[in-house]
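Data block below; observations after.
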Amino acid sequence: MAPVSSSNLIVSFGEMLIDFVPTVSGVSLAEAPGFLKAPGGAPANVAIAVSRLGGKAAFVGKLGDDEFGHMLAGILKENGVSADGVNFDKGARTALAFVTLRADGEREFMFYRNPSADMLLTPDELNLDLIRSAKVFHYGSISLIVEPCRSAHLKAMKVAKEAGALLSYDPNLRLPLWPSAEEARTQILSIWETADVIKVSDVELEFLTGSNKIDDESAMTLWHKNLKLLLVTLGEKGCRYYTKGFRGSVDAYQVKAVDTTGAGDSFVGALLCKIVQDHSIIHDEPRLKESLKYACACGAITTTQKGAIPALPTPSQVLTLINGTK
């Protein structure tokens with residue numbers, strides 16, 4: 001990968017929390033004999049994925065001024081992610097999520113956010129200098145659920161856009177956190193037309209379109225005139241891509257999946273690492289396909305062990321998988 005210049009900063013905005021994962025797979029939360037704590041939160045996973053692949057990343061969000069919050073800030077720094085945009089809340093705890101892995105490797109969630117520190121980030125607490133220095137600004141939708149975090153999210157997006165950043169959006173739907181499915185759909189789509197790059201999963205595509213068809217026609221109903229790249233990830237079936245000039249698909253790498261947590265974040269981080277070096281990749285189909293193959297390999301590797309952050313790959317692991325399957 002090309003050397004990273006200071007101008008190639010990817011800033012990730014949103015939640016960082018602790019996932020508590022059962023020590024055994026395929027059981028309900030109530031049946032789990034014990035839990036392992038695993039740092040998580042999609043935007044933080046993306047930032048660490050970027051850094052592990054040799055990119056330059058920063059995370060903007062709020063943690064509790066508690067042991068878990070300081071542990072998470074430490075994990076960002078250990079992984080080479082700037083924590084200059086992290087605030088600590090003295091009155092609220094770091095968010096927790098209990099995540100059970102069903103027998104098929106898919107997940108069920110139970111969240112402890114009442115309210116958690118990430119929900120309490122205010123616009124005034126944003127590190128605007130850091131956000132303005134982003135070449136890519138990445139975010140999800142969980143930060144849109146309640147105030148004041150929603151206003152902080154909207155301000156951060158506006159500041160990044162005005163400073164010339166490419167805006168990357170992964171809605172990362174977590175229905176249990178929203179008051180209703182309707183509210184989730186409305187709010188997720190409320191910022192849709194600001195993004196340059198959008199990645200949705202097949203499940204999110206169905207949710208947002210209200211259609212059970214996962215095809216080009218359905219995907220293109222999500223297209224908007226400012227969009228440069230729309231991606232639909234299909235798990236073990238790879239991904240589809242759509243741009244103004246072309247569309248197509250990329251196959252997944254076949255691996256033995258243990259835990260799908262963080263696979264989408266790994267995919268996004270890998271792709272943003274490529275795009276941040278040269279935005280024109282989006283308009284060049286052969287180069288975009290190569291970048292997406294790389295991103296699919298990263299996603300695949302992340303499913304081969306439990307937890308998101310421990311499973312995020314290094315460049316050498318990715319090359320081993322890509323070269324081993326040629």
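All values derive from a computational prediction rather than experimental measurement.
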Report yes or no: do L208 and L177 belong to one cluster of Ile/Leu/Val/Met/Phe/Trp/Tyr joined by side chain heavy-atom distances under 4.5 Å? yes
In terms of side-chain heavy atoms, does K135 have a donor or acceptor partner in N8 at a distance below 3.5 Å? yes
Side chain T302, main chain A263, donor-acceptor under 3.5 Å: no
Rounded distance (nearest 0.5 Å) linking atom CG of D284 with atom NZ of K289: 12.5 Å
Does some side-chain heavy atom of E78 sit less than 4.5 Å from a side-chain heavy atom of I48? no
Should D278 and R287 count as an ion pair when the cut-off is N to O under 4.0 Å? yes
Do the side chains of T94 and M71 get nearer than 4.5 Å, heavy atoms only? no
Would you say that V318 contacts L53 through its side chain, given a criterion of any heavy-atom pair below 4.5 Å between the two side chains? yes
Side chain of S133, backbone of L130: donor and acceptor closer than 3.5 Å? yes
Distance from R150 atom CZ to I142 atom CD1, nearest 0.5 Å? 15.0 Å
Are any side-chain N or O atoms of N226 and backbone N or O atoms of T194, one a donor and one an acceptor, separated by less than 3.5 Å? no
Could you give the distance from OG (S141) to CD1 (I191), rounded to the nearest 0.5 Å? 7.5 Å
Going by distance alone, is a donor N or O of one side chain under 3.5 Å from an acceptor N or O of the other, for D124 and T122? no
Does the pair L321 and I301 meet the rule for a side chain to side chain contact (heavy atoms under 4.5 Å, CB included), with working shown? CA-CA 8 Å; L321 178 60; I301 292 166; 3.7 Å; yes
Near-ring test F246/H283, centroid separation under 6.0 angstrom: no
Do Y112 and R93 have side chains that approach each other closer than 4.5 Å (heavy atoms only, starting at C-beta)? no
With I10, which of V136, I275, V268 fulfils side chain to side chain contact (heavy atoms under 4.5 Å, CB included)? V136
To the nearest 0.5 angstrom, please state how far the CZ atom of R240 sits from the CG atom of L205. 9.0 Å
Cation over ring, R185 on F207, under 6.0 Å and within 45°? yes
Return yes if some donor-acceptor pair links the side-chain N/O of T243 with the main-chain N/O of G245 below 3.5 Å, else return no. yes
Any side-chain donor near an acceptor of the partner, N79 and S51, under 3.5 Å: no
Side-chain contact, heavy-atom cut-off 4.5 Å: F267 with C239? yes
Would the distance check show the side chain of E31 and the main-chain N or O of S28 forming a donor-acceptor pair, the cut-off being under 3.5 Å? yes
salt_bridge(K161, D196) N-O dist < 4.0 Å: yes
Is the backbone N or O of G307 less than 3.5 Å from a side-chain atom of D259, with the two atoms forming a donor-acceptor pair by type? yes
Would V197 and I282 count as a side chain to side chain contact (heavy atoms under 4.5 Å, CB included) here? Give the steps. CA-CA 9 Å; V197 175; I282 292 170; 4.1 Å; yes
Does the side chain of L76 come within less than 4.5 Å of L72's, by heavy atoms? no
Q277 (side chain) donor-acceptor with C273 (main chain) under 3.5 angstrom: yes
Applying side chain to side chain contact (heavy atoms under 4.5 Å, CB included), name anything that partners T100, two or more places apart in sequence or on another chain. P22, L29, E108
Hey, quick one: are L166 and V46 part of the same hydrophobic cluster, counting side-chain heavy atoms closer than 4.5 Å, chains of contacts allowed? yes
Can you tell me how far apart CG (L144) and SG (C149) are? Round to the nearest 0.5 Å. 8.0 Å
Could you tell me whether the side chain of S218 and the main chain of K213 form a donor-acceptor pair under 3.5 Å? yes
Name the orientation class of the two ring planes belonging to F111 and F109 (parallel below 30°, tilted from 30 to 60°, perpendicular beyond 60°). parallel
Distance-only side-chain donor-acceptor flag, T314 / Q317, under 3.5 Å: yes
Can you check whether F13 and H138 have ring centres sitting under 6.0 Å from each other? no
Side-chain donor/acceptor of E147 to backbone N/O of S151, under 3.5 Å: yes
Give me the ring orientation class for F98 and F35: parallel if the planes are under 30° apart, tilted from 30 to 60°, perpendicular past 60°. perpendicular
SB check E162 K158 (cutoff 4.0 Å): yes
D118/R113 salt bridge by N-O under 4.0 Å criterion: yes
Any I198 side-chain heavy atom under 4.5 Å of H224 side chain: yes
For residues L229 and L227: do they belong to one hydrophobic cluster (side chain heavy atoms under 4.5 Å, members Ile, Leu, Val, Met, Phe, Trp, Tyr)? no
Ignoring hydrogens and geometry, is there a side-chain-to-backbone donor-acceptor pair from Q187 to A184 under 3.5 Å? no
Face-on cation placement of K274 at Y294 ring, 6.0 Å and 45° thresholds: yes
If hydrophobic clusters are built from ILVMFWY residues whose side chains come within less than 4.5 Å, do L222 and V232 share one? yes
Common cluster, F88/V81, ILVMFWY with side-chain heavy-atom separation under 4.5 Å: yes
Separation between CZ (R132) and CG (N127), nearest 0.5 Å, reads 9.5 Å
Is the closest side-chain heavy-atom distance between T303 and K256 below 4.5 Å? no
Check the side chains of D216 and Y242 for a donor-acceptor pair under 3.5 angstrom, ignoring hydrogens and angles. yes
